[in-house]
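Below is one structure, written out as structure tokens; the observations come after it.
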Amino acid sequence: MRRKLVAGNWKMNGSLAANAALVAGIKQGLPADACDVAVCVPSPYLAQVQGEVAGSVVALGAQDISAHASGAYTGEVSAAMLQEFSCHYVIVGHSERRAYHGESDAAVAAKTVAALQAGLVPVVCIGETLAQREAGQTKEIVGGQLDVVLDALSGEDAARIVLAYEPVWAIGTGKTATPEMAQEVHAMLRARLGAKSAEAAAKVRILYGGSMKPDNAAQLLAMEDIDGGLIGGAALKATDFLVIVEAASGVVL
Ligand code: PEP
């Protein structure tokens, strides 16, 4: 049985004061038997939020990682640096990094390897654009994105990733995949994980991301292969984030 995971992706939002209030609100409202919960914060705030979540069940995550260990890579953040702030998760291959920073599937695979080598859990994001969905290419695109990552990993390492299916057309748009649409893709991804290793198919949590909100989370999270959510906008308000955490934790509202 896979434990559900709800991870907030704060993107480039926050301030010292706002972060403190947000984390305090999340900690205060967590249900007793909460699912796994994480907040993925901008790098300058890792030290602050490390302190804010200490002693709670909320895990810390980063939003990107360098494929390189150290050196002349201005602006990049290494796995070892993330470890120093007790990061457990790191998002790799978010569609915003793919679109605005030209990250290729190969670069995402290299970042996934760097994270795993350091003992971090990469949250590997994949997803199709609206044009690709309308052209009937969803399975080919997201399956291909996953395969490039899996080709870089052993079967054992493949079982240690978290996968996030994030249709690009649903991110930040208010448009959500229906539970059935998401489930269809998640089931296909699980089959592809299974072609790599039975352990990966059984263990890898496949999160849905793309305008998951308090009013649609329960239906999405009820689907067999949806093991949690990667939450953008709704992760910035403790009350909204907590409703999603409750839905994933099986709390009857
Ligand atoms: C995201 O950025 O990963 C995301 C899912 O954003 P939103 O929930 O705002 O669509």
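Just so you know, residue 1 is the first one in the sequence shown, and it goes up from there. For the numbers below, each heavy atom of this structure counts, side chains included, while hydrogens, waters and symmetry mates do not. Counting starts at 1 for both ligands and their atoms, in listed order.
- Between T173 and ligand 1, not a single N/O pair is under 3.5 Å apart.
- Checking only distances, E96 never comes within under 3.5 Å of ligand 1, N or O to N or O.
- Salt bridge annotation for R98-D105: present, with a cationic side-chain nitrogen under 4.0 angstrom from a carboxylate oxygen.
- The same ILVMFWY cluster, assembled from side-chain heavy atoms under 4.5 Å apart, contains both I126 and L116.
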Side chain to side chain contact (heavy atoms under 4.5 Å, CB included) evaluation trace for T138 with Y165: CA-CA 11 Å; T138 299; Y165 168 54; 4.1 Å; yes

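- Every atom of ligand 1 with a heavy atom of A170 under 4.0 Å away is listed here by number and element: 10 (O).
- Taking every non-hydrogen atom of L230 and a distance limit under 4.0 Å, the qualifying atoms of ligand 1 come out as 3 (O), 5 (C).
- Ligand 1 lies less than 4.0 angstrom from a heavy atom belonging to G210.
- Close contacts between ligand 1 and G233 involve ligand atoms 7 (P), 8 (O), 9 (O) [criterion: under 4.0 Å to a heavy atom].
- Side-chain atoms of V245 and I26, non-hydrogen and from C-beta on, never get closer than 4.5 Å to each other.
- A distance-only check finds no donor-acceptor pair linking the side chain of E140 to the backbone of Q137 [under 3.5 Å].
- Under a 4.0 angstrom heavy-atom cut-off, A235 registers as lying outside contact with ligand 1.
- Proximity to S211 (heavy-atom distance under 4.0 Å) selects the following atoms of ligand 1: 7 (P), 8 (O), 10 (O).
- Ranking the protein heavy atoms by distance from atom 5 (C) of ligand 1 puts E166 OE2, 3.1 Å first.
- Note that CD1 of I91 is 4.0 Å distant from CG of N9, once rounded to the nearest 0.5 Å.
- Under a 4.0 Å criterion applied to the non-hydrogen atoms of N9, ligand 1 contributes the atoms 1 (C), 2 (O), 3 (O).
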Under the criterion side chain to side chain contact (heavy atoms under 4.5 Å, CB included), I'd like the reasoning laid out for D240 against K213: C-alpha separation, chi angles, the key distance, then a yes or no. CA-CA 7 Å; D240 286 354; K213 298 182 289 262; over 6 Å; no

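- Not a single N or O atom of G209, backbone or side chain, sits closer than 3.5 Å to an N or O atom of ligand 1.
- The ligand atoms of ligand 1 that sit less than 4.0 angstrom from a heavy atom of G172 are 7 (P), 9 (O), 10 (O).
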Tell me, with the steps shown, if L230 and V162 meet side chain to side chain contact (heavy atoms under 4.5 Å, CB included). CA-CA 10 Å; L230 183 56; V162 168; over 6 Å; no

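- Under the 4.0 angstrom criterion for non-hydrogen atoms, H94 is in contact with ligand 1.
- Side-chain heavy atoms closer than 4.5 Å link hydrophobic residues (I, L, V, M, F, W, Y) into clusters, and following such links, even through other members, never connects L46 to Y89.
- Atom 8 (O) of ligand 1 has G232 N, 2.8 Å as its closest protein atom, hydrogens excluded (heavy atom only).
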